[in-house]
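No experiment lies behind these values; they were computed from the predicted model shown.
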Amino acid sequence: MKHIGAVQAVVTAADEFDREPTFAELDAIAVETPLIEAEVELLDVQISLLDRPVTALDGRRLRRARRKVLTARRDLTNQAVAETDVAA
């Protein structure tokens, strides 16, 4: 009978992918949270419209969700540009 064992280096990998996020990475996620939430909301609306015809109310929900994503992207971009200008 042959025994199959895992190679210890693979099981307990200590590379950069096998670690907790740093505080800087968590801060970056926190900054992007409004955009992430807006994109999730847009995806929810799009999924709800996959298997049925779009009504006027659904069209408004879809447009509102798209505008929310665009607004969040604009705000995030403006914030990044403002931080770059301050750093320069």
Side-chain angles (χ1 to χ4, degrees):
M1 174 188 246
K2 292 184 179 181
H3 293 283
I4 300 174
V7 177
Q8 190 65 26
V10 174
V11 173
T12 57
D15 60 358
E16 65 182 58
F17 300 110
D18 189 29
R19 62 174 174 77
E20 295 294 320
T22 64
F23 288 116
E25 291 169 336
L26 291 174
D27 289 341
I29 292 169
V31 168
E32 293 179 5
T33 298
L35 175 59
I36 294 168
E37 290 174 349
E39 288 175 339
V40 167
E41 184 179 333
L42 175 60
L43 185 60
D44 286 342
V45 172
Q46 289 171 334
I47 289 171
S48 70
L49 299 177
L50 283 176
D51 60 345
R52 62 185 173 133
V54 179
T55 64
L57 179 62
D58 293 331
R60 285 191 297 249
R61 284 181 56 217
L62 185 58
R63 285 191 303 275
R64 189 177 311 119
R66 286 180 179 156
R67 281 194 308 268
K68 196 171 186 180
V69 168
L70 290 174
T71 300
R73 285 183 184 164
R74 182 199 62 208
D75 294 343
L76 190 59
T77 302
N78 288 342
Q79 182 179 1
V81 169
E83 290 174 1
T84 303
D85 290 342
V86 169

Notebook entry, point to check: Should side-chain heavy atoms under 4.5 Å link Ile, Leu, Val, Met, Phe, Trp and Tyr, which residues sit in the same cluster as L49?
Noted result: V31, L35, L42, V45, V54, L62, V69, L76

Margin query: For L43, give me all partners under side-chain contact (heavy atoms from CB on, under 4.5 Å), at least two apart in sequence or on another chain.
Written below: Q46, I47

Rounded to the nearest 0.5 Å, how far apart are [atom1] of [X] and [atom2] of [Y]?
X	Y	atom1	atom2	result
D58	R63	CG	CZ	10.5 Å
E32	E37	CD	CD	12.0 Å
E39	R73	CD	CZ	5.0 Å

Notebook entry, point to check: Under 3.5 Å, side chain of R61 to main-chain N/O of L57, donor-acceptor pair present?
Noted result: no

Note to self: Testing the basics here: between T33 and I29, what is the closest heavy-atom pair and its distance to 0.1 Å?
What the structure shows: OG1-O, 2.8 Å

Item checked: salt bridge (charged side-chain N to carboxylate O under 4.0 Å, His left out) assessment of R19 paired with E25 -> CA-CA 12 Å; R19 62 174 174 77; E25 291 169 336; 3.2 Å; yes

Item checked: Note, P34 side chain near K68 side chain (heavy atom, < 4.5 Å) -> no

